[in-house]
Amino acid sequence: MDDPLILAVVLGGSTLAIFAVYLLNRLIGGWDAARLSDWSHAARLLDEDLMGFRAETGFVTQDGRIALVFERDGARLGIVVARGDVFVLRSFGPGDLKGLKQTSRALIILTGDWALAKIVLPLHDDGVASFGLEALERRLQPFVASADPGGQNA
Amino acid sequence: MPDIPDPILIAIPVFVALIVAEMIYARTTGRARYEPGDTLASLLMGLGNVVSKVALGFIAVAWFTLIEPYALFDIGWGWGVFALCFVLDDFVYYFAHRFAHTVRWWWADHVVHHSSQHYNLTTALRQPWISPMTLKFIFFGSWLVLMGFPPAMVALAGAINLIYQFWIHTEVIHKTPAWFEAIMNTPSHHRVHHATNPQYLDKNYAGVFIIWDKMFGTFQPELAQEPCRYGIVKNLGSDNPFLISFHEWWGMIKDMAGAKSLREALGFWLGPPGWTPDGSRETSKMIKARWAQRQEAAKKVSEPAE
């Protein structure tokens, strides 16, 4: 591939082919957005992936795309987030979260994770409401890092 | 030296055609999964890999040009010689791949290929962008050249090896004939390699011939009762090609920068992925040991008391 023209044709053609394949994938479908049926579904996934995650309580948002699961004895917080047609799991120990932020519309968990930096929980969400906002904040507090120079902890 | 066209360039249109065929087959039968974001990310990683090979390939070329005069023999070209070169190259590939999973410096590069939670033909093309910078070719690519195989022949064997590995990234093919499963790397064997189930971790490193795993104790057949869960132990959750490409590098640099001693820094650099001085994260060995303990405990509970 020493000839720049050939190189340009190969790269240009490849780029077009990539977007054509992507569009085809979008057009024909065949995949469903991942949804959690309830928080015990999330607990099962956490136990399977983290081996020995002993879920105590939790909730799933009404769209089934986010679940928070608290482990017994407050040992770990498990978060399950749907991304496309798969679930991404994280667990946090006490002090692992960067912070909590509350706006008029949502409670935002700042995880410090690259891909899941913010977990946005709408305040009007049925799942959040069923767990109780106060209870949720109380449960989350031990997982938030104590040093909080930004002062954004709830 | 015979005039040989680049086999990967010839293979690219075939790759695209097979991906489209598998995608349509997946849609009609449900026997494979394609999700647009994941598909796009994998294909862009593949394109970036080709670009990086063009841009950074000179590093490897310079190295092999440098060491070629020191070859023990002048083996020359021939079909028999090429067959031997291909088998030996696959043998070296096995160890290169094994080290890519057990040394973080090389895992930071190779993790890209494992970062999808899907397993389809596009996963084969999800390849790293800065491989030549890891200098893995010096440690694993030099042996055959120093033995006397022409560098172009070694490169051709390596390219055909990679082309072979394309078709094994599929869920569509369940099992191939028993004799083939016994000798060759197959979709079933390679699904195990891409799975994060504890009993599947660090298994089936083979490129073309599965016999190396059987010889060196890393073979694991796919079990019907244990469906593969694809991805990495801590899944990325992003289709951003830059995040896919550099997340582990950044993590490694951060860990090394925070190391309290040279020993710790070396551990973060050359130790197994997940290694920490205090054991606060888990290596795959630790995960497997914990899994084995759990299995043992479950067995004791299910066995009737004597």
Side-chain angles (χ1 to χ4, degrees), chain A residues 1-4 6-34 45 47-54 65-66 79-93 95-96 111-119, chain B residues 6 9 12-13 15-17 19-20 23-30 32-44 46-47 50-51 53-54 57 116-118 122 125 196-198 229-231 233-240 243-244 246-247 250-251 280 282 287 290-291 293-294 297:
Chain A
M1 276 211 278
D2 292 336
D3 188 335
I6 293 176
L7 187 64
V9 169
V10 169
L11 290 180
S14 300
T15 308
L16 285 176
I18 285 169
F19 282 98
V21 171
Y22 167 72
L23 285 176
L24 178 70
N25 198 174
R26 282 191 72 104
L27 281 172
I28 65 174
W31 59 281
D32 296 312
L45 294 175
D47 184 47
E48 192 174 63
D49 246 45
L50 305 176
M51 278 194 295
F53 187 92
R54 300 156 303 132
R65 301 285 283 173
I66 302 172
I79 299 183
V80 180
V81 177
R83 282 275 194 268
D85 63 345
V86 294
F87 295 110
V88 182
L89 283 65
R90 294 286 187 269
S91 77
F92 300 90
D96 281 353
T111 66
D113 186 282
W114 279 28
L116 307 173
K118 284 180 185 178
I119 307 292
Chain B
D6 185 345
L9 279 187
I12 285 174
F15 288 169
V16 174
I19 286 169
V20 170
M23 193 183 282
I24 294 168
Y25 186 77
R27 180 70 183 98
T28 50
T29 65
R33 288 189 307 129
Y34 272 84
E35 194 269 322
D38 177 83
T39 301
L40 182 63
S42 291
L43 295 175
L44 288 175
L47 180 66
V50 173
V51 172
K53 275 186 180 152
V54 172
S116 173
Q117 288 178 256
H118 294 77
T122 67
L125 305 183
T196 59
N197 313 43
R229 301 193 301 272
Y230 304 111
V233 170
K234 185 181 172 185
N235 281 306
L236 200 52
S238 172
D239 293 324
N240 179 334
L243 200 56
I244 292 169
F246 299 113
H247 75 277
W250 180 243
S280 56
E282 285 188 310
I287 294 169
R290 205 153 58 83
W291 174 79
Q293 271 178 357
R294 243 166 85 104

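Throughout, a chain's letter reflects where its sequence line sits, starting with A, and its residues are numbered from 1. Scope of the values below: all heavy atoms of this structure, side chains included, with no hydrogens, waters or symmetry mates.
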Looking at B:D239 and A:R83, is any side-chain nitrogen of the basic one under 4.0 Å from a carboxylate oxygen of the acidic one? no
Rounded to the nearest 0.5 Å, what's the gap from CZ on B:R33 to CH2 on A:W31? Could you check? 11.5 Å
Which bit of B:P13 comes within less than 4.5 Å of chain A, counting heavy atoms only: side chain, backbone, both or neither? neither
How about CZ on A:R26, more than 12 heavy atoms from neighbouring residues, nucleotides or ligands closer than 6.0 Å, or not? no
Tell me, for A:L23 versus chain B, whether the close heavy atoms (under 4.5 Å) come from the side chain, the backbone, both or neither. neither
Do the side chains of B:K234 and A:D113 get close enough for a salt bridge, i.e. N-O under 4.0 angstrom? yes
Between A:F87 and chain B, which part of the residue has a heavy atom less than 4.5 Å away: side chain, backbone, both or neither? backbone
Test salt bridge (charged side-chain N to carboxylate O under 4.0 Å, His left out) on A:D47 and B:R294 and set out the steps. CA-CA 12 Å; A:D47 184 47; B:R294 243 166 85 104; 3.7 Å; yes
Quick check for you: among A:G52, A:S14, A:S91, A:A17, which has the greatest number of heavy-atom pairs under 4.5 Å with chain B? A:G52
Let me know if B:L125 has heavy atoms under 4.5 Å from chain A in its side chain, its backbone, both or neither. neither
